[in-house]
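In what follows, a single structure is set out as structure tokens and then discussed.
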Amino acid sequence: VARRLSLRKHPECHSMAGGKAIEHLAQTGNQELLTFRLPMQHYRNCDFSFSGLQNLVTNAIAQKEKEEGIQEGEILSCVKDVAAAVQHAVAVHIIQRTYRAMLFCIKNSILPSKNATLVVSGGVASNQYIRKALQNLADENDFALLCPPPRLCTDNGVMIAWNGIERLRAGLGVLHGTAGIRYEPR
């Protein structure tokens, strides 16, 4: 969404990662000016999916560009409102699906009846709006919430690469040649 909104060109966001830029702009946006249908409402499971939401947002951005008479790549006048609406929709989706997972775990005695803990990490845990919503969810259901400090909530790709560096240094599970390995793009 940040890429589609061209937030690298936004004066307040040119040096921010996409998620951080969305969070920053959403702070002063009006999330109620746009509403996005939440993904997977007809599935009664704990899965997450953001592809449907991404399509809705992409179409909404294209419509707003048309209304404002601007080309793709230019900054919308309502960019803060789009950011706020997207952030809110993502947070609600995460809360709904996480709540389902919590209920499933409780119902099936997967978690202890007391002192259950919800752990959130990765890039999503650095977003303070989402983190606050998860804290409210945890509080309402007598769960503890554990999140690393935001500076440690980095992109999973970076964490995977760092893990590879550490494994290489330790000589653990590192291939020294690619002969005989078959790659399949997915």
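Here the structure is a predicted model, which means the values were calculated and not measured.
Atoms CD and CG, from Glu166 and Leu168 in turn, are 9.5 Å apart once rounded to the nearest 0.5 Å. Rounded to the nearest 0.5 angstrom, Leu76 CG and His10 NE2 are separated by 10.0 Å. Note that CD1 of Ile106 is 9.0 Å distant from CG of Asp142, once rounded to the nearest 0.5 Å. The CG atom of Asp139 sits 11.0 Å away from atom NZ of Lys132, with the distance rounded to the nearest 0.5 Å. With rounding to the nearest 0.5 Å, the separation of SG in Cys13 from NE2 in His24 is 5.0 Å. For the atom pair CZ of Phe143 and SG of Cys105, the computed distance is 7.0 Å after rounding to the nearest 0.5 Å.
Proximity of Leu53 to Leu38: side-chain heavy atoms (C-beta onward) are nowhere separated by under 4.5 Å. Between Leu118 and Leu146, every side-chain heavy-atom pair lies at or beyond the 4.5 Å cut-off. Side-chain contact between Leu7 and Val79: present, with at least one pair of heavy atoms (C-beta onward) separated by less than 4.5 Å. Thr117 places none of its side-chain heavy atoms less than 4.5 Å from the side chain of Leu111. Side chains of Met40 and Gln96 form no contact here, defined as non-hydrogen atoms less than 4.5 Å apart. Between Lys64 and Leu34 there is a side-chain heavy-atom pair separated by less than 4.5 Å. Looking only at side-chain heavy atoms (C-beta outward), Ser6 and Glu72 stay at 4.5 Å or farther from each other.
Leu134 and Leu145 make their closest contact through C-CD2, 4.0 Å (heavy atoms, listed as atom of the first residue, atom of the second, distance). Here the closest heavy-atom approach between residue Phe36 and residue Leu56 is recorded as CE2-O, 4.0 Å.
Residue pairs meeting the salt bridge (charged side-chain N to carboxylate O under 4.0 Å, His left out) criterion with at least one member in residues 5-16, sequence neighbours excluded: Glu12-Lys80.
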**Request:** Please step through salt bridge (Lys or Arg N to Asp or Glu O under 4.0 Å) for the pair Glu65 and Arg4, ending with a clear verdict.
**Result:** CA-CA 11 Å; Glu65 288 169 340; Arg4 181 60 181 85; 2.8 Å; yes

**Request:** Give the C-alpha distance, both sets of side-chain angles, the deciding distance and a yes or no for side chain to side chain contact (heavy atoms under 4.5 Å, CB included) between Val120 and Thr98.
**Result:** CA-CA 10 Å; Val120 182; Thr98 302; over 6 Å; no

**Request:** Output, in order, the C-alpha distance, side-chain angles, deciding distance and verdict of side chain to side chain contact (heavy atoms under 4.5 Å, CB included) for Ile75 and Ile70.
**Result:** CA-CA 8 Å; Ile75 303 296; Ile70 65 172; over 6 Å; no

**Request:** Give the intermediate values and the outcome of side-chain hydrogen bond (donor to acceptor under 3.5 Å, both in side chains) for residues Asn136 and Glu140.
**Result:** CA-CA 6 Å; Asn136 291 339; Glu140 290 172 12; 5.8 Å; no

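Other residues, nucleotides and ligands place more than 12 heavy atoms under 6.0 Å from the CG atom of Asn45.
Here the side chain of Arg97 pairs a donor or acceptor atom with the backbone of Asp47 at under 3.5 angstrom. A donor-acceptor pair under 3.5 Å is absent between the side-chain atoms of Asn108 and the main chain of Ile110, judged by distance alone.
When the options Leu33, Leu25, Thr28 are evaluated for a side-chain contact (heavy atoms from CB on, under 4.5 Å) with Asp81, the one that passes is Leu33.
Using modelled atom types, one finds no donor on one side chain facing an acceptor on the other under 3.5 Å when comparing Asn59 with Gln63. For the 3.5 Å distance criterion, the side chains of Ser77 and Glu68 qualify, holding a donor opposite an acceptor.
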Listing, residues 83-95 side-chain donor-acceptor contacts under 3.5 Å, not counting sequence neighbours, or none:
from, atom 1, to, atom 2, distance (Å)
Gln87, OE1, Asn127, ND2, 2.9
His88, ND1, Gln31, NE2, 3.3
His88, ND1, Tyr129, OH, 2.7
His93, NE2, Ser49, N, 3.2
His93, NE2, Ser49, O, 3.2

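Taking 4.0 Å as the cut-off between side-chain N and carboxylate O, Glu23 and Arg131 do not count as a salt-bridged pair.
Hydrophobic clustering (ILVMFWY, side-chain heavy atoms < 4.5 Å, transitive): Ile130 and Tyr99 are in one cluster. Residues Val119 and Phe48 do not share a hydrophobic cluster, defined by chaining ILVMFWY side chains whose heavy atoms lie under 4.5 Å apart.
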